[in-house]
2 protein chains.
Amino acid sequence: MTTLSDVAKKANVSKMTVSRVINHPQQVTPELRKIVEKAMEQLNYHPNSVASALAHNRTNVVKLVILEDIDTTEPYYMNLLFGIAKGLSKKHYAIQLATGRDVGGGDGYIITGGRATDAEWLDQLDKPFVLFGENRFGYDFIDTDNKLGEQLATQYALNKNYQSIIFIGIDEKEPFEYSREAGYINTLQKHNMIPKIFRIQNHSSLAEKLIISNWKKFAPNTCFICASDRIAVGVVRAIQRKNGNIPRDFGVIGFDGVFLDQVSNPKLTTVKQNLFKLGELLAAMILQKIKQDGAQQGEVLIEPELRKNESTRN
Amino acid sequence: MTTLSDVAKKANVSKMTVSRVINHPQQVTPELRKIVEKAMEQLNYHPNSVASALAHNRTNVVKLVILEDIDTTEPYYMNLLFGIAKGLSKKHYAIQLATGRDVGGGDGYIITGGRATDAEWLDQLDKPFVLFGENRFGYDFIDTDNKLGEQLATQYALNKNYQSIIFIGIDEKEPFEYSREAGYINTLQKHNMIPKIFRIQNHSSLAEKLIISNWKKFAPNTCFICASDRIAVGVVRAIQRKNGNIPRDFGVIGFDGVFLDQVSNPKLTTVKQNLFKLGELLAAMILQKIKQDGAQQGEVLIEPELRKNESTRN
DNA sequence: GTTTTATATGTTACCGGTATCAAAAAAAGA
DNA sequence: TCTTTTTTTGATACCGGTAACATATAAAAC
């Protein structure tokens with residue numbers, strides 16, 4: 001491996017000048033810079049990030065802390081993780097995973113699955129962190145625009161002329177759920193329709209049961225806006241068991257667009273979160289925050305995309 | 001942060017002695033060792049792995065290289081990844097992900113989704129690597145015991161008195177598939193039954209089509225041994241559409257036991273891979289190989305578990 | 001009891017960068 | 001032209017460990 005010193009020798013300058021060309025180019029005269037850059041090029045120099053990390057008292061590691069139960073959310077995280085990984089490795093950072101609250105090590109944290117009850121734990125963390133997922137405590141976060149997502153879904157159901165539009169939510173008192181419901185409610189009210197919301201835990205079998213046991217309440221020409229693809233899959237199964245026609249008499253729209261929507265039959269119309277991009281942004285945000293010694297980064301909402309498929313008309 | 005020097009000072013020894021207590025304890029007399037250990041304890045000393053990495057010309061990073069298309073395998077990897085992450089962080093290693101063949105950086109690679117055609121690429125890698133997944137080229141690997149898995153599945157179907165036992169495989173000429181088929185074939189032949197194998201790409205909708213278009217060939221009292229849960233899900237849907245009774249007249253057994261088996265209805269009987277454990281072992285193996293400067297590590301097969309559920313009798 | 005050998009600990013230099021300050025060169029002001 | 005100020009570059013020490021060699025001490029051999 002070629003080192004700073006090798007480059008310095010080749011360019012007839014000191015190590016510091018080379019280091020400056022890399023990290024503070026404006027502090028070096030253009031002529032010297034050229035020479036040094038050529039030397040780097042010729043020697044195919046790549047900085048040793050470990051040495052740099054040591055000098056900066058860093059680890060070059062970001063911890064991904066997953067607070068919620070992983071079994072219930074598995075496929076969801078892959079794309080997020082890939083995005084994070086990509087974003088981090090651009091800056092020569094690597095990931096460590098933590099599933100519990102026992103963190104330590106690493107230069108900062110990306111935290112997912114945080115609930116309102118985690119606030120006090122978050123407050124006592126001594127490293128910078130950013131959250132994946134809305135929160136109302138002022139912590140920096142990035143999330144899908146949940147409200148917009150369900151607005152798109154609800155509006156689409158209206159456009160497709162479903163008469164009755166029902167929301168099947170996740171039974172959790174968390175911002176993401178409130179936002180999704182708000183998107184649904186707002187859109188209906190804009191059309192002077194009355195919202196109708198059911199809430200269950202996020203399992204397909206519970207959704208299936210719910211729909212079946214309330215089947216008589218659902219006349220044909222109904223569209224179900226579901227707060228997750230899991231729920232949507234359950235709803236689809238229930239409708240099929242009751243011999244309802246999808247998408248003619250019943251529409252189903254999911255939320256997430258991760259894996260399940262494709263495995264389902266009919267394939268789900270769903271609000272697709274761009275989790276890869278979210279991951280990249282999370283990585284960028286935590287790196288920025290580390291560099292800026294913990295400075296506030298704010299909140300970012302990413303537009304989801306309504307992915308039209310076989311579980312709605314047309 | 002307390003450093004080696006702090007501990008050394010407190011214990012009235014040199015840095016090297018402290019370093020030895022940590023890395024080569026047998027080179028230090030028990031009395032001194034005690035003193036140093038007490039000092040470390042009192043100062044709550046934790047070695048700085050970055051400094052160590054620099055001294056060893058290491059990065060303390062292992063790359064996870066995923067060669068296959070991630071979209072088709074998503075949920076599958078989460079547990080593997082968690083296992084790997086856990087195994088690595090025990091030794092203060094972190095992960096970087098790579099999805100293509102353009103690797104570089106890191107002390108070694110864990111490679112998944114490798115196919116026979118990747119052999120030449122693997123041969124030109126200049127860092128130690130281990131594979132997740134059987135191969136016949138002599139590369140170190142860890143995998144589920146695929147053959148045993150389908151032996152268990154087939155035997156279970158026999159025990160449940162299904163008369164006809166059919167294998168729906170994945171249409172790939174790869175060792176994992178051959179092993180799964182071998183497990184099925186062996187078990188049937190032991191009972192003087194004739195194997196019957198279909199092969200398709202690993203998609204639920206293709207499985208569904210396959211079963212439906214061959215429906216008349218399948219008399220009641222048939223069990224389908226599927227090479228993946230994806231396929232199993234498609235088979236289940238097909239049977240349901242044909243109004244076949246699961247599990248009374250038709251049994252379905254999947255393979256993987258990751259996520260899909262639980263989301264399905266009925267929940268799938270499946271051969272569950274212990275991917276978390278596989279991941280931990282992969283981590284341990286690559287770390288060992290790095291430490292031993294690339295020495296051969298051999299092959300490891302992990303016993304899967306037949307998870308009995310609603311898609312088979314009883 | 002002296003020499004040889006083995007064992008235990010310390011000294012030094014180095015891994016590959018970076019911050020800090022000092023020195024030199026260039027630009028500005030008198 | 002000679003200071004004074006500003007900009008550019010270099011020398012040094014340090015980040016926190018470790019390997020290799022040197023030295024001191026204890027055990028073994030003669």
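Chain identifiers are assigned alphabetically (A, B, ...) following the order of the sequence lines, protein sequences preceding nucleic acid strands; residue numbering begins at 1 within each chain. The model shown is predicted, which means the values in this text are computed figures rather than measured ones.
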S.K.: In Å and rounded to the nearest 0.5 Å, what is the CG to CG distance from L282(B) to L81(B)?
M.R.: 11.0 Å

S.K.: Salt bridge between K272(A) and E305(A), side-chain N to carboxylate O under 4.0 Å?
M.R.: no

S.K.: Check D140(B) against F129(B) and note the closest heavy-atom contact, atom names and distance.
M.R.: OD2-O, 4.5 Å

S.K.: If you take any heavy atom closer than 4.0 Å to DNA chain C, which residues from residues 21-41 of chain B end up in contact?
M.R.: V28(B), T29(B), L32(B)

S.K.: According to side chain to side chain donor-acceptor pair (under 3.5 Å), who are the partners of D118(B), at least two apart in sequence or on a separate chain?
M.R.: R101(B)

S.K.: Does the side chain of E68(A) pick up a donor-acceptor pair with the side chain of T112(A) at under 3.5 Å?
M.R.: no

S.K.: Kindly give the heavy-atom pair with the smallest separation between S179(B) and E134(B), and that separation in Å.
M.R.: OG-OE1, 2.8 Å

S.K.: Closer than 3.5 angstrom, by distance alone: can the side chain of D107(B) be matched with the main-chain N or O of T59(B) as a donor-acceptor pair?
M.R.: yes

S.K.: Heavy-atom contacts under 4.0 Å between residues 11-19 of chain A and DNA chain D, which residues?
M.R.: V13(A), S14(A), M16(A), T17(A)

S.K.: Roughly how bent is the helix from dG1(C)-dC30(D) to dA30(C)-dT1(D) end to end, in steps of 10 degrees, with each end axis from five pairs?
M.R.: 50°

S.K.: Along DNA chain C, 5' to 3', what are the outermost nucleotides having an atom less than 4.0 Å from a heavy atom of chain B?
M.R.: dA8(C) to dG16(C)

S.K.: Kindly give the atom pairs (protein nitrogen or oxygen, nucleotide nitrogen or oxygen) under 3.5 Å for nucleotides 21-26 of chain D.
M.R.:
none

S.K.: Using every non-hydrogen atom in the two residues, find where L278(B) and D143(B) come nearest and quote the distance to one decimal.
M.R.: CD2-C, 3.7 Å

S.K.: What is the distance, to the nearest angstrom, from the CZ atom on R58(B) to the C1' atom on dT18(D)?
M.R.: 12 Å

S.K.: Is it the case that the side chain of S19(B) and the backbone of K15(B) share a donor-acceptor pair, with hydrogens and angles ignored and the cut-off at 3.5 Å?
M.R.: no

S.K.: Rounded to whole angstrom units, what separation is found between the CG atom of L4(A) and the C1' atom of dG10(D)?
M.R.: 14 Å

S.K.: Should we say atom CG of D123(A) is surrounded by more than 12 heavy atoms from elsewhere, each under 6.0 Å from it?
M.R.: yes

S.K.: Taking CD in E41(A) as the centre, count heavy atoms belonging to other residues, nucleotides or ligands within less than 6.0 Å. Is the count above 12?
M.R.: no

S.K.: Given atom CE of M1(B) and atom C1' of dG17(D), what is their separation to the nearest angstrom?
M.R.: 15 Å

S.K.: About how many Å separate OG of S52(B) and CD1 of I22(B), when rounded to the nearest 0.5 Å?
M.R.: 9.5 Å

S.K.: Using the side-chain contact (heavy atoms from CB on, under 4.5 Å) rule, pick out the option among V65(A), N135(A), L64(A) that qualifies with I111(A).
M.R.: V65(A)

S.K.: Salt-bridged, R33(A) to E31(A), with N to O below 4.0 Å?
M.R.: no

S.K.: Checking side-chain polar atoms at under 3.5 Å, does Q297(A) have a donor or acceptor matched by the opposite partner on Q292(A)?
M.R.: yes

